[in-house]
Amino acid sequence: MMNIVILLAVVLIVAILVTIFRAHTLVQVVRGKEGDPMGTSNKVNGALFMVFLILGTVLFFVYSYTEFDRYTVPVASEHGKITFNLFWITTAITTAVFILTNAALFYFAWKYRHKEGQKAHFYPHNNTLEMIWTFIPAIVLALLVFSGWKAWVKITDTAPANAEVVEIFGYQYAWASRYPGPDGKLGPFDYKLIDSDNRLGVDFSNPNAKDDFIPREIHIPKGEPVLLKIRARDVIHSVYMPHFRLQMNAVPGMPTQFWFVPTKSTADMALETGNPDFQYELVCNKICGKAHFSMRAIVVVDEKEDYEKWKAEQKSWLSKNPDYLVNIESTSPVQVAVEENVSGEEVNTSL
């Protein structure tokens with residue numbers, strides 16, 4: 001029913017516009033201007049171009065630099081300040097070029113509108129202008145690209161030796177995180193080990209994995225480098241933390257990483273935003289399936305002391321799943337080697 005109403009409304013509007021045009025034509029005939037191919041509409045359209053230019057520019061700046069802009073969130077990382085500055089420098093340059101070119105476009109449409117007795121000037125080519133609008137944009141874009149590349153290389157390069165390591169694992173449709181235990185080393189993983197219990201596919205038979213813990217919340221320390229080791233189980237997801245200006249794809253079969261330094265704790269940001277319930281969040285900004293909207297995890301930025309206290313309170317995943325540990329020990333490579341040796345077969349025990 002609604003589609004029929006919309007269709008009738010469109011037909012009615014078109015009929016009204018046609019009627020107005022015909023009435024305008026009749027008025028021109030009565031005034032004796034039926035021979036004028038332009039009439040007054042040419043001047044009106046030229047004036048409207050200028051009105052649209054001025055009004056559109058004013059509204060653009062009002063929307064961008066007043067309280068109407070709700071899209072910019074506070075920066076909470078060291079590299080975030082760099083990328084944020086690069087963003088605004090790029091925005092300033094492209095906005096200036098956009099305004100200048102469109103101002104010229106609309107002004108020329110008004111300035112050189114049709115006038116009786118006015119003849120267009122033939123101006124086919126100008127080498128100087130060609131050089132200006134080719135080389136200047138090329139140089140500016142090269143500088144912007146180099147600045148962005150320099151910042152990107154730094155945050156994807158080798159993390160500092162004292163960085164806190166956190167593994168982020170994406171799967172349809174949630175996030176999981178894993179931390180190294182007291183040994184400071186994450187255990188290896190193998191996708192073949194993924195099951196209903198071991199959803200990250202961690203090789204818990206490896207000594208480095210036995211003390212790894214998998215918490216419900218993601219905690220990171222303020223003012224310390226944090227290295228995210230990123231994996232995905234099924235499809236491409238994307239690790240996105242807007243306040244840290246952090247984004248990195250999680251690709252199945254191709255681990256990625258991203259390191260950064262948080263500069264504001266959750267409590268600091270709650271004070272800055274005036275929101276006592278403020279929470280950092282990790283979301284997926286790849287459309288990864290029908291429940292993509294549910295891929296959200298809370299990220300807590302603690303002061304260094306609070307982070308160490310929280311970390312010390314965590315228990316290893318195996319200590320919470322003793323049955324899984326029993327299964328691993330009963331089928332460990334060493335045990336298999338012993339059994340095969342007892343059977344009289346030659347065994348290579350260099351594991």
For [Y], is there any backbone N or O sitting under 3.5 Å from a side-chain donor or acceptor partner on [X]?
X	Y	value
Lys264	Val75	yes
Ser319	Lys315	no
Thr266	Val300	no
Thr95	Ala92	no
Asp190	Leu193	no
His292	Lys286	yes
Asp234	Gln172	yes
Arg245	Pro242	yes
Asn249	Val251	no
Asn198	Ile194	no

**OP:** Would you kindly check if the NZ (Lys) or CZ (Arg) of Arg231 is within the cone defined by 45 degrees around the ring axis of Phe189 and under 6.0 Å from the six-membered ring centre?
**Re:**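 Yes, cation above the ring, under 6.0 Å and within 45°.
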Contact between [X] and [Y] at the side-chain level, heavy atoms closer than 4.5 Å - yes or no?
X	Y	value
Ile236	Pro252	yes
Phe106	Phe108	no
Val261	His79	no
Asp183	Asn208	yes
Asn127	His125	yes
Leu282	Leu246	no
Cys288	Tyr173	yes
Pro262	Pro221	no

Using a cut-off of 6.0 Å, state whether more than 12 heavy atoms not belonging to [X] lie near its atom [atom1].
X	atom1	result
Lys185	NZ	no
Ile298	CD1	yes
Phe60	CZ	yes

How long is the straight-line distance from [atom2] of [Y] back to [atom1] of [X], given to the nearest 0.5 Å?
X	Y	atom1	atom2	answer
Ser147	Ile82	OG	CD1	10.5 Å
Gln247	Met241	CD	CE	11.5 Å
Ile218	Ile168	CD1	CD1	4.0 Å
Cys284	Arg296	SG	CZ	14.0 Å
Thr134	Ile139	OG1	CD1	11.0 Å
Asp268	Glu303	CG	CD	6.0 Å

Between [Y] and [X], is there a salt bridge with N-O shorter than 4.0 Å?
X	Y	result
Lys222	Asp306	no
Lys304	Glu308	yes
Glu167	Lys229	no

Original post:
Any chance the rings of Phe278 and Tyr280 have centres within less than 6.0 Å?
Top reply: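 Phe278 vs Tyr280: aromatic centres under 6.0 Å.
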Going hydrophobic residue to hydrophobic residue with side-chain gaps under 4.5 angstrom, can you get from [X] over to [Y]?
X	Y	result
Phe244	Met248	yes
Val202	Leu186	no
Tyr112	Leu53	yes
Val140	Phe135	no
Val73	Leu86	no

Which class fits the ring pair [X] and [Y]: parallel under 30°, tilted 30 to 60°, perpendicular over 60°?
X	Y	answer
Trp110	Tyr107	tilted
Tyr324	Trp317	perpendicular
Phe213	Tyr179	parallel

Locate the shortest heavy-atom distance separating [X] from [Y]; write the atom from each residue and the value.
X	Y	value
Gly187	Asp212	N-OD2, 2.9 Å
Ser77	Phe260	CB-CD1, 4.3 Å
Ser177	Glu217	OG-O, 4.3 Å

Just by distance, with hydrogens left out, do [X] and [Y] show a side-chain donor and acceptor under 3.5 Å apart?
X	Y	result
Tyr307	Glu164	yes
Ser316	Asp211	no
Arg199	Tyr171	yes

**OP:** Could you please spell out the steps behind the side-chain contact (heavy atoms from CB on, under 4.5 Å) verdict for His237 and Met295?
**Re:** CA-CA 9 Å; His237 301 283; Met295 287 197 66; 3.3 Å; yes
Original post:
Does the side-chain contact (heavy atoms from CB on, under 4.5 Å) test come out yes or no for Arg233 and Tyr191, once each step is laid out?
Top reply: CA-CA 8 Å; Arg233 185 173 71 185; Tyr191 75 94; over 6 Å; no
**OP:** Begin with the C-alpha distance, continue with both residues' side-chain angles, and end with the deciding distance and a verdict on side-chain contact (heavy atoms from CB on, under 4.5 Å) for Trp259 and Leu228.
**Re:** CA-CA 6 Å; Trp259 77 271; Leu228 301 183; over 6 Å; no
Original post:
side-chain contact (heavy atoms from CB on, under 4.5 Å) between Thr101 and Leu105: does it pass, once the steps are laid out?
Top reply: CA-CA 6 Å; Thr101 54; Leu105 175 67; over 6 Å; no
